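Below is one structure; the comments refer to it alone.
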2 protein chains.
Amino acid sequence: MSTGVNLKELAAELKLSPSTVSRALNDSYEISEATKKKVVFMAEKLNYQPNPFARSLRENKSKTIAVVMPERMSSFFAKVIDGIEEVTQQHGYHLLVYSTHEDVEREKKIVNLLMNGRADAIVMSVSSQTSDISHLARLHERGFPLIFFDRICSEIPTTKFITNDYESSYEGTKHLIQQGCRKIAFLMLSKELSITKERYRGYLDALKAAGLSPTPSLQVTCAHEEENNIEAIRAMLMSEDRPDGLVSSVEKLALATYHAVKRTNIKIPEDLKIISFFSNLSIAGLLTPSLTTITQPAFTIGEECAKLLIKKLTKPRQPDLPNQLISIPSKITIRSSTIAV
Amino acid sequence: MSTGVNLKELAAELKLSPSTVSRALNDSYEISEATKKKVVFMAEKLNYQPNPFARSLRENKSKTIAVVMPERMSSFFAKVIDGIEEVTQQHGYHLLVYSTHEDVEREKKIVNLLMNGRADAIVMSVSSQTSDISHLARLHERGFPLIFFDRICSEIPTTKFITNDYESSYEGTKHLIQQGCRKIAFLMLSKELSITKERYRGYLDALKAAGLSPTPSLQVTCAHEEENNIEAIRAMLMSEDRPDGLVSSVEKLALATYHAVKRTNIKIPEDLKIISFFSNLSIAGLLTPSLTTITQPAFTIGEECAKLLIKKLTKPRQPDLPNQLISIPSKITIRSSTIAV
DNA sequence: TTAAAATACGGAAACGTTTGCGATATTATT
DNA sequence: AATAATATCGCAAACGTTTCCGTATTTTAA
């Protein structure tokens with residue numbers, strides 16, 4: 001595979017030195033307008049493309065951002081990356097995308113590989129297994145630009161973008177209560193996850209505010225394997241203490257719940273009302289009955305992550321990413337799954 | 001941001017020359033086992049990470065593969081990338097991922113950027129707008145490794161991975177006919193797309209084989225905007241010549257059809273039977289009624305693309321990617337949406 | 001015992017950029 | 001008119017690897 005002409009060849013063609021050509025292409029003040037024109041014209045003509053690795057080596061930056069997330073087949077993460085790409089592409093940045101598949105070991109391997117400077121920054125959402133955060137701490141201590149979104153790592157003092165997990169969960173639970181629910185289940189992934197902690201807290205506080213007490217058996221922690229989740233949820237739905245309402249803290253568990261319900265004779269919303277954090281709006285409306293959702297601003301979260309990073313990476317003397325938690329509110333859309341009958 | 005030690009510093013620490021250390025780490029036969037041990041040990045101790053750009057510059061390869069696809073929020077493409085990542089990660093390759101959002105201009109920009117060698121190969125599925133393929137032809141003429149999947153570009157003589165589009169569509173249409181359908185609609189994206197051409201051909205041939213003639217007004221070409229698609233489909237479903245069966249050539253149009261049907265009093269499968277190319281199996285079972293699907297082997301397609309590329313890129317003297325069309329069969333799963341009543 | 005071959009390592013060039021510094025020619029200043 | 005300032009460009013180093021080549025030492029062959 002032959003890459004096209006390089007700087008030296010372009011310079012030879014112009015009877016100029018490589019340094020002059022380089023400066024001309026980078027619009028340096030040291031070069032006259034006349035030669036700039038000539039250089040740019042010839043560069044176009046020969047379709048000169050600067051070698052990205054030579055440039056990266058020299059400038060010690062890659063114009064690349066790495067995105068590390070737990071899974072690819074999730075409309076939430078897909079939208080976040082779309083948002084990131086939207087702004088990074090405008091600034092000529094490239095995206096390395098990695099999926100950990102909820103596996104910490106894979107996450108560690110990826111993060112360690114990224115320490116060699118292949119990317120200028122990392123924006124990530126941690127895996128549900130992540131409890132040991134030494135790999136992330138090391139990254140940050142080295143001064144590597146690191147941003148978290150959604151599933152954050154609060155111990156690491158950097159910028160994190162989330163939605164208002166607590167409030168949304170509180171409001172969602174409150175909505176169920178207002179619709180007459182008294183025994184409300186809560187579905188979550190690992191309890192270590194920042195989002196489950198916050199959403200669980202909102203759920204509990206809403207119960208308490210209504211004078212309800214949580215039922216431990218109705219709080220089920222799920223895993224990666226869908227079929228197992230469906231069965232666990234079905235068992236819970238059919239138990240003695242069966243719930244009349246359910247809050248799912250993530251999209252996939254709402255789908256698992258619909259599957260579980262299909263295996264019973266439970267009726268939604270008559271016997272069970274459901275609300276879930278959910279990003280795939282098109283699907284939410286197609287479920288039967290349509291699902292009341294807490295919609296995270298996925299695309300915006302991605303955009304904001306990228307904007308901050310681009311600023312940090314392109315402006316000359318930027319400080320470290322501040323230790324702040326930026327919350328962008330979700331929106332609750334009431335559909336049939338929580339309509340009182 | 002401080003990257004760790006480099007080769008020179010590591011060599012100094014060991015009182016060896018950089019060349020020796022480099023060879024030791026690359027397990028060269030010129031280095032004694034004793035010093036290899038010492039070098040590897042010290043490298044581990046100092047956490048030496050080779051600079052990827054220096055290596056890329058020198059070796060003229062990036063250990064990176066670019067994936068270019070039309071959209072990210074599609075379970076099919078997500079699964080394909082998962083498949084690609086599964087094998088590339090095992091070989092230490094990285095993935096640059098780009099979404100064209102079905103926009104040719106964006107596709108061209110991305111492809112042209114990729115010509116500078118930032119990636120060692122491209123695996124792509126073209127946008128629905130792509131009719132001018134000069135950017136892809138140029139890429140291939142330069143000897144750049146290029147693989148197509150799903151939405152291929154048949155004019156370019158390289159390897160393409162698809163599913164058995166024609167046969168699956170033929171069988172799917174035949175299934176509708178067997179269930180009693182006589183007026184069968186066909187939904188597609190751009191007619192330029194390889195997949196619509198093949199799937200449309202299968203549809204037509206199945207009609208012909210059954211002695212049915214296609215109705216032009218039942219063949220609707222959709223676009224990017226979901227709401228427009230829904231309305232176009234609804235209009236078609238409510239027209240004089242309303243269909244009693246429907247084949248959707250892509251997943252998103254099946255969802256649009258369910259939305260359209262919700263706005264009418266049409267009953268599935270009583271009034272209308274539906275089959276679609278569809279990858280999100282979990283969702284297919286949750287639709288009401290559950291959707292009969294033609295499931296493409298998305299993950300496998302990704303794996304096969306990656307395997308071929310890895311072989312081409314890592315083995316010493318590999319020939320160019322052969323001009324071949326590799327078909328991996330889809331699987332039809334019959335669900336309620338096509339059950340005769 | 002001596003020449004040849006194998007072993008183990010170092011020096012330096014090369015990959016393609018960017019940039020500090022020096023050099024020349026041109027213009028402005030006094 | 002002599003000097004200083006400015007404009008424009010080239011030389012060479014540097015980024016961190018890999019690898020060609022040379023060299024010194026040791027081993028093998030005759």
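Computed from a predicted model, the values in this text were never measured in an experiment. A, B, ... follow the sequence lines: proteins, then strands. Residue 1 opens every chain.
- Going from atom CD of Glu9(B) over to atom C1' of dT17(D) covers 14 Å, rounded to whole Å.
- Between Leu7(A) and Tyr48(A) there is a side-chain heavy-atom pair separated by less than 4.5 Å.
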Determine all donor-acceptor pairs shorter than 3.5 Å in which one atom belongs to a side chain in residues 67-79 of chain B; sequence neighbours excluded.
from: Arg72(B); atom 1: NH1; to: Asp82(A); atom 2: OD1; distance (Å): 2.9
from: Arg72(B); atom 1: NH1; to: Glu85(A); atom 2: OE1; distance (Å): 2.9
from: Ser74(B); atom 1: OG; to: Phe76(B); atom 2: N; distance (Å): 3.3
from: Ser74(B); atom 1: OG; to: Phe77(B); atom 2: N; distance (Å): 3.3
from: Ser75(B); atom 1: OG; to: Glu251(B); atom 2: OE1; distance (Å): 3.1
from: Ser75(B); atom 1: OG; to: Glu251(B); atom 2: OE2; distance (Å): 2.8
from: Ser75(B); atom 1: OG; to: Asn280(B); atom 2: N; distance (Å): 3.3
from: Lys79(B); atom 1: NZ; to: Ser279(B); atom 2: O; distance (Å): 3.0

Between protein and nucleotides 6-9 of chain D, what N or O pairs are separated by less than 3.5 Å?
from: dC9(D); atom 1: OP2; to: Ser32(A); atom 2: N; distance (Å): 3.0
from: dC9(D); atom 1: OP2; to: Ser32(A); atom 2: OG; distance (Å): 3.3
from: dC9(D); atom 1: OP2; to: Thr35(A); atom 2: OG1; distance (Å): 3.0
from: dC9(D); atom 1: N4; to: Glu30(A); atom 2: OE2; distance (Å): 2.8

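- Across dC15(C), dT17(D), dT19(C), the shortest atom-to-atom separation from the side chain of Tyr48(B) is found for dT17(D).
- Nearest nucleotide to the side chain of Arg55(B), out of dT17(D), dG16(D), dT17(C): dT17(D).
- Within 6.0 Å of NZ in Lys36(B) there are more than 12 heavy atoms belonging to other residues, nucleotides or ligands.
- Relative to the axis of its first five pairs, the axis of the last five pairs of the helix from dT1(C)-dA30(D) to dT30(C)-dA1(D) sits at 50°, rounded to 10 degrees.
- Here the C1' atom of nucleotide dT17(C) and the CD atom of Gln49(A) are 15 Å apart, to the nearest Å.
- Atom pair Lys63(B):NZ and dT17(D):P shows a separation of 16 Å (rounding to whole Å applied).
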* To do: Give the C-alpha distance, both sets of side-chain angles, the deciding distance and a yes or no for side-chain hydrogen bond (donor to acceptor under 3.5 Å, both in side chains) between Asp132(A) and Ser134(A).
  => CA-CA 6 Å; Asp132(A) 170 27; Ser134(A) 57; 3.1 Å; yes

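- As rounded to whole Å, 16 Å separates atom P of dG16(C) from atom CG of Asn51(B).
- Rounding to whole angstrom units, CG of residue Leu57(B) and C1' of dT19(D) are separated by 14 Å.
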* To do: Take Glu141(B) and Arg138(B) through the salt bridge (Lys or Arg N to Asp or Glu O under 4.0 Å) test and state the conclusion after the steps.
  => CA-CA 5 Å; Glu141(B) 283 160 12; Arg138(B) 197 159 17 137; over 6 Å; no

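- When the P atom of dT17(C) is taken as reference, atom CG of Asn116(B) falls 10 Å away, rounded to whole Å.
- The CZ atom of Arg55(A) sits 6.0 Å away from atom CG of Asn26(A), with the distance rounded to the nearest 0.5 Å.
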Per-pair distances, 0.1 Å, donor-acceptor, side chain in residues 147-157 of chain B, under 3.5 Å, sequence neighbours excluded:
from: Arg151(B); atom 1: NH1; to: Glu102(B); atom 2: OE1; distance (Å): 2.9
from: Arg151(B); atom 1: NH1; to: Glu102(B); atom 2: OE2; distance (Å): 3.3
from: Arg151(B); atom 1: NH1; to: Val126(B); atom 2: O; distance (Å): 3.2
from: Arg151(B); atom 1: NH2; to: Glu102(B); atom 2: OE2; distance (Å): 2.9

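- Scored by the ring-ring contact (aromatic ring centres under 6.0 Å, His included) test, Tyr98(A) finds His94(B) as partners (sequence neighbours excluded).
- When all heavy atoms are compared, the tightest approach of Leu309(B) to Pro145(B) is CD2-CB, 4.4 Å.
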Report, one pair per line, the protein and nucleotides 26-28 of chain D atoms (nitrogen or oxygen only) whose separation is under 3.5 Å.
none

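- Checking each of Glu107(B), Lys108(B), Lys109(B) against His135(B) for a side chain to side chain donor-acceptor pair (under 3.5 Å) leaves exactly one that passes, namely Glu107(B).
- Distance, Phe53(B) CZ to dT17(D) C1': 13 Å, rounded to whole Å.
- The side-chain heavy atoms of Lys312(A) and Leu321(A), taken from C-beta on, include a pair separated by under 4.5 Å.
- Atom NZ of Lys61(B) and atom P of dC15(C) are 17 Å apart (whole Å).
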